[in-house]
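Only one structure is covered here, and it is reproduced in the block below.
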Amino acid sequence: MRADGGLGIPLPSLPRVTPQLAVPAALGCAALQLRAIAFHLFRPETDVASNAALLLLAAVVARGRPTAVPVPGRT
């Protein structure tokens, strides 16, 4: 995961200006990791554990941010 994708998940929620952007950022990172896993499996590379871990983390954020740990917007 590139640094801008990793920063795109927590940064919208920190100033509480646009916390709703964390979920689309996490979904984008998850889609990127799915494509990375497919790319590595298409080539003769079998080390996809780090991609799978990042995919799992992005999926947890995308699922938990709106329900388990919602960040209210600034009023």
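Residue numbers start at 1 and run along the sequence shown.
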**OP:** Compare every heavy atom of Cys29 with every heavy atom of Ala58, then report the nearest pair and how far apart it is.
**Re:** CB-CB, 4.2 Å
Subject >> With Leu21 via side chain to side chain contact (heavy atoms under 4.5 Å, CB included) - residues at least two apart >> reply: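 Leu21 satisfies side chain to side chain contact (heavy atoms under 4.5 Å, CB included) with Pro12, Thr18 once adjacent residues are dropped.
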Subject >> Side-chain cluster (under 4.5 Å, hydrophobic types only) that Leu27 belongs to, other residues >> reply: Val23
**OP:** Share the residues that join Phe39 in a hydrophobic cluster, the rule being Ile, Leu, Val, Met, Phe, Trp or Tyr side chains under 4.5 Å apart at the heavy-atom level.
**Re:** none
Original post:
Can you tell me how far CD1 of Ile37 sits from CG of Leu55, rounded to the nearest 0.5 angstrom?
Top reply: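 Nearest 0.5 Å value for the CG-CD1 distance: 5.0 Å.
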**OP:** Tell me whether Val61 is reachable from Leu56 by hopping between hydrophobic residues (I, L, V, M, F, W, Y) whose side-chain heavy atoms are closer than 4.5 Å.
**Re:** no
**OP:** Write out all pairs satisfying salt bridge (Lys or Arg N to Asp or Glu O under 4.0 Å) with one or both partners inside residues 28-41, taking only residues at least two apart or from two chains.
**Re:**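 Residue pairs passing salt bridge (Lys or Arg N to Asp or Glu O under 4.0 Å), neighbours aside: none found.
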Original post:
Considering the options Val48, Thr46, Asp47, which one meets the side-chain contact (heavy atoms from CB on, under 4.5 Å) requirement together with His40?
Top reply: Val48
